[in-house]
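Structure record follows, encoded as structure tokens.
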Amino acid sequence: MRTIGILGGMSWESTVFYYQHINQLVKNARGGLTSAPMMIDSVDFAQMAQWQREGHWGLAAQYLGERARVLQDAGCQAIGIATNTMHKVYDEVAAMIDVPLVHIADAVCNEARAQHITHVLFLGTEFSMSEAFLRERYLTHGVRWTLPEQNERAWIHEVIFQRLCQGIVIQTDQETFAQLIHQYSQQADTPQAVVLGCTELAMLVGDAQMCTLPILDSAYIHARTLADVVLSD
């Protein structure tokens, strides 16, 4: 099996999800006591979040690139950034290493194409929703977005940073989230699916039956893609 590296800790709540699901998928494929050869560099999210707020993306890119190079030099044959938002610096990080950097948007769009989905409701941090770095990547795959209104985007962003990234899940947030998705499933130009475009957002979908659109969970799909790398010849 191949050894993969994970740039995690952004937040560690979702990095735990990556670790569990990659190992589960590898075990399902190989059986027995098999687990995935994997190295995780869990960075301090407080520092990363500060750089995000202050617009110091260059500092974040340099730091993540250096950490990715450490993973590469330790023997990782491919690397994943376990967060949507930090794919804003994907190109800079990829340029600092010589092994594949598995893009989360490519993984989601490959799954969308397999399901014949070309229009999604995209939900994530304000950075991911409002800026072009993910949206343009989706468009190269022929997948267009619907986005929530500004006040709804602000609410999602607040829930992610103030609660989900700190492991806090409350029922009212889950209900509001389900209602927001339902609202967009009723519009004239209805999206075919909702992309959980933040790796913590699956925490809000306690009961998938509450969701009135099919779910493309970026964290799970990215983890599955990385598991496929582990298992590839």
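All residue numbers in this chain count up from 1 along the given sequence. Side-chain atoms are counted along with the backbone in the values below, which use heavy atoms only and exclude waters and symmetry mates.
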Using a 4.5 Å cut-off on heavy atoms from C-beta on, say whether the side chain of [Y] contacts that of [X].
| X | Y | result |
| --- | --- | --- |
| Leu101 | Ile81 | yes |
| Leu123 | Ile181 | yes |
| Arg163 | Val169 | no |
| Val108 | Tyr138 | yes |
| Val195 | Val143 | no |
| Ile156 | Arg153 | no |
| Asn84 | Thr125 | no |
| Met38 | Thr3 | no |

Which value, rounded to the nearest 0.5 Å, describes the distance between [X] atom [atom1] and [Y] atom [atom2]?
| X | Y | atom1 | atom2 | result |
| --- | --- | --- | --- | --- |
| Arg30 | Ser35 | CZ | OG | 12.0 Å |
| Leu164 | Ser14 | CG | OG | 10.0 Å |
| Met10 | Gln47 | CE | CD | 12.5 Å |
| Thr34 | Met1 | OG1 | CE | 5.5 Å |
| Leu147 | Leu121 | CG | CG | 8.0 Å |

Aromatic rings Tyr18 and His222: how do their planes relate, parallel, tilted or perpendicular, breaks at 30° and 60°?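 Tyr18 vs His222 ring planes: perpendicular.
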Can you get from [X] to [Y] by hopping between Ile, Leu, Val, Met, Phe, Trp and Tyr side chains that sit under 4.5 Å apart?
| X | Y | value |
| --- | --- | --- |
| Val102 | Val230 | yes |
| Leu7 | Trp57 | yes |
| Val99 | Val70 | no |

Is it the case that more than 12 heavy atoms not belonging to Trp145 sit under 6.0 Å from its CH2 atom?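 More than 12 heavy atoms, drawn from other residues, nucleotides or ligands, come within 6.0 Å of this atom.
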Report, as yes or no, whether the 6.0 Å neighbourhood of atom CD on Gln171 holds more than 12 heavy atoms from other residues, nucleotides or ligands.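 No, the 6.0 Å shell around CD holds no more than 12 heavy atoms from other groups.
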For Phe161, is the NZ or CZ atom of Arg53 found under 6.0 angstrom from the centre of its six-membered ring and inside 45 degrees of the ring axis?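 No, Arg53 does not lie over the aromatic ring of Phe161.
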How about [X] and [Y]: are their ring centres within less than 6.0 Å of each other?
| X | Y | value |
| --- | --- | --- |
| Phe133 | Tyr90 | no |
| Tyr220 | His21 | yes |
| Trp51 | Phe45 | no |

Could you please spell out the steps behind the side chain to side chain donor-acceptor pair (under 3.5 Å) verdict for Gln179 and Glu175? CA-CA 6 Å; Gln179 180 57 42; Glu175 292 169 350; over 6 Å; no
Can you tell me if Gln183 and Glu152 form a side-chain donor-acceptor pair at under 3.5 Å?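 The criterion, which ignores hydrogens and geometry beyond distance, is satisfied for Glu152 and Gln183.
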Could you walk me through whether Leu213 and His182 satisfy the side chain to side chain contact (heavy atoms under 4.5 Å, CB included) test, starting with their C-alpha distance in whole Å, then the side-chain angles of each, then the deciding distance to 0.1 Å, before giving a yes or no? CA-CA 7 Å; Leu213 286 173; His182 177 71; over 6 Å; no
How far apart are the C-alpha atoms of Phe177 and Val205, what are their side-chain angles, what is the distance that settles it, and do they pass the side chain to side chain contact (heavy atoms under 4.5 Å, CB included) test? CA-CA 8 Å; Phe177 192 65; Val205 186; 4.0 Å; yes
If a pair satisfies side chain to side chain donor-acceptor pair (under 3.5 Å) and one of its residues is in residues 60-73, list it, with sequence neighbours excluded.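 Listed by first then second residue: Asp41-Arg67, Gln62-Glu66.
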Do the side chains of Arg144 and Asp189 get close enough for a salt bridge, i.e. N-O under 4.0 angstrom?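 Yes.
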Can you tell me if Glu200 uses its side chain to pair, donor with acceptor, with the backbone of Ser11 under 3.5 Å?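 Side chain of Glu200 to backbone of Ser11, a donor-acceptor pair under 3.5 Å: yes, one is there.
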Can Ser128 and Thr85 be said to form a side chain to side chain donor-acceptor pair (under 3.5 Å), step by step? CA-CA 5 Å; Ser128 295; Thr85 299; 3.2 Å; yes
